[in-house]
Amino acid sequence: MNKSYMNRPTYKQVLKRMFSLVEDTASHDEIRNRILSGGQITGTNMVVMICAIVIASVGLNTDSIAVIIGAMLISPLMGSILAIAFGTAFNDGDLAMKHALGFIMQIVFSVTAATIYFLLSPVKDPTDQIIARTHPGFFDVLIATFGGIAGIVGQTRSEKFNNIIPGVAIATALMPPLCTCGFSIANGEWKMLAGAAYLFAINAYFIYMSACIVLALLKIPRVNELDAKGWKKLKRKMIRNTLLVLLPMVAIFIHMIMTQ
């Protein structure tokens, strides 16, 4: 029998290689430096974030999709979420907490800046783009999940894909819900505030969760390795948190069915 035929890879091997995440992975040190640098809360990042939030607020206020997209392209929020995910996958609670606190600070400053803008804006009526950010649904979960996977895969390659993070930032739309929160606070629209805040929470959580899963599959070295009991506890915690995040959506869906 022809030896070249014997050495030919099987379809299973071809498919496995086609979807492999480990073949072109960057070194663990490079992954760490790349992700954590993207999650730094520095003067530059904070200034860019405030600029992004004001631009997005103007876009929402004027119903301009192009302006909103421009704001999402320059927003640094995605980097913080991936840094928190890395701290979790690295099993370093202090690192994850450090970036989580930085992320909370970004949220506070973003909502504050948006609130100030909408207080000063003469346009008080909600536009279609604002209303669209107050009704989260299951499709938002899918977008955030697959966006998180794409984002962390792009950040962990040996050759960084610079076009992935901006694309994920546009698809998952982290910035507009925060701007909508600012609009809601400025105009006393508390129901809209709840919807926008929930949309942001869905996007942030499922980006984080999917990034954690990919980093675990890549076997990122941990500060302290988890034993079987530790892994079981971590899985239960992630399942519990996921159910808690999805619970309001299930309640909304049941309410819609019952009121039809």
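What you see is a predicted model, and the numbers here were worked out from it, not measured in a lab.
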*asked:* Set out, in order, the CA-CA distance, both residues' side-chain angles and the distance that settles side chain to side chain contact (heavy atoms under 4.5 Å, CB included) for Asp125 and Ile130, then state yes or no.
replied: CA-CA 9 Å; Asp125 294 329; Ile130 289 176; over 6 Å; no
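- Because its NZ or CZ atom is both nearer than 6.0 Å to the ring centre of Phe90 and within 45° of the ring axis, Arg32 counts as a cation-pi partner of that residue.
- When all heavy atoms of Leu199 and Pro177 are compared, the pair lying nearest together is CD2-CG, 3.8 Å.
- With contacts defined as side-chain heavy-atom distances shorter than 4.5 Å, the pair Leu217/Ile213 qualifies.
- The aromatic rings of Phe183 and Phe118 sit perpendicular to each other, their planes meeting at more than 60°, with 30° as the lower class boundary.
- Side chain of Thr180 to main chain of Ala196: no donor-acceptor pair is present (N/O by atom type, distance under 3.5 Å, no hydrogens or angles).
- Using modelled atom types, no side-chain atom of Ser64 and backbone atom of Gly59 make a donor-acceptor pair closer than 3.5 Å.
- No path of Ile, Leu, Val, Met, Phe, Trp and Tyr side chains, each step under 4.5 Å between heavy atoms, connects Phe138 with Leu244, placing them in separate hydrophobic clusters.
- Counting heavy atoms from C-beta on, the side chains of Ser110 and Met49 come closer than 4.5 Å.
- Residues Val54 and Met175 share a hydrophobic cluster, clusters being chains of Ile/Leu/Val/Met/Phe/Trp/Tyr side chains in contact below 4.5 Å.
- Atoms OG1 and CG, on Thr115 and Asn187 in that order, are 9.5 Å from each other to the nearest 0.5 Å.
- The neighbour count for Leu119 CG, taken as heavy atoms of other residues, nucleotides or ligands under 6.0 Å away, is above 12.
- Asp63 contributes a side-chain N or O that, together with a main-chain N or O of Gln129, makes up a donor-acceptor pair within less than 3.5 Å.
- Side-chain contact between Leu246 and Phe206: present, with at least one pair of heavy atoms (C-beta onward) separated by less than 4.5 Å.
- Here the CE-OG distance, from Met192 to Ser184, works out to 4.5 Å after rounding to the nearest 0.5 Å.
- Using a 4.5 Å cut-off between side-chain heavy atoms of Ile, Leu, Val, Met, Phe, Trp and Tyr, with links allowed through other members, Ile116 and Met105 fall into different hydrophobic clusters.
- Atoms CD1 and CE, on Ile152 and Met78 in that order, are 10.0 Å from each other to the nearest 0.5 Å.
- Trp190 and Val111 fall within the same hydrophobic cluster, defined by Ile, Leu, Val, Met, Phe, Trp and Tyr side-chain heavy atoms under 4.5 Å apart, directly or through other members.
- In this structure a side-chain-to-backbone donor-acceptor pair under 3.5 Å is present from Asp92 to Asp94.
- A 4.5 Å side-chain heavy-atom check between Thr62 and Thr127 finds every atom pair outside the cut-off.
- A distance of 9.5 Å separates OG of Ser57 from CD1 of Ile68, quoted to the nearest 0.5 Å.
- Of all non-hydrogen atoms in Ala71 and Ile55, the two that sit nearest each other are CB-CG2, 3.7 Å.
- Using a distance-only test at 3.5 Å, with no hydrogens or angles considered, no donor-acceptor pair links the side chain of Asn203 to the main chain of Phe200.
- Among all heavy-atom pairs drawn from Leu174 and Ile81, the shortest one is CD1-CD1, 3.7 Å.
- No donor-acceptor pair closer than 3.5 Å links the side chain of Tyr208 to the backbone N or O of Ile84.
- In this structure, CD1 in Ile53 is found 7.0 Å from CG in Leu77, a value given to the nearest 0.5 Å.
- Counted within 6.0 Å of CE on Met238, heavy atoms from surrounding residues, nucleotides or ligands total more than 12; the atom is thus considered enclosed.
- There is no side-chain donor-acceptor pair under 3.5 Å between Tyr198 and Thr134.
- You'll find the side chain of Gln106 reaches within 4.5 Å of the side chain of Pro76, heavy atoms only.
- Considering only heavy atoms from C-beta on, Val141 stays 4.5 Å or farther from Val245 through its side chain.
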*When you look at Leu215 and Thr88, which way does the side chain to side chain contact (heavy atoms under 4.5 Å, CB included) test go after all the steps?*
CA-CA 9 Å; Leu215 288 169; Thr88 303; over 6 Å; no
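- Both Ile107 and Leu82 belong to a single network of hydrophobic side chains, linked directly or stepwise wherever heavy atoms of I, L, V, M, F, W or Y lie under 4.5 Å apart.
- Minimum heavy-atom separation, Pro136 to Ile202: CB-CD1, 3.9 Å.
- Here Asn45 contributes atom CG and Ser80 contributes atom OG; the two are 7.5 Å apart, rounded to the nearest 0.5 Å.
- When side chains are defined from C-beta on, Val58 counts as touching Tyr117, because their heavy atoms get closer than 4.5 Å.
- For the pair Leu60/Arg133, a side-chain contact is recorded, criterion being any heavy-atom separation below 4.5 Å from C-beta on.
- In terms of heavy-atom proximity, Gly148 sits nearest to Ser210 at CA-OG, 3.3 Å.
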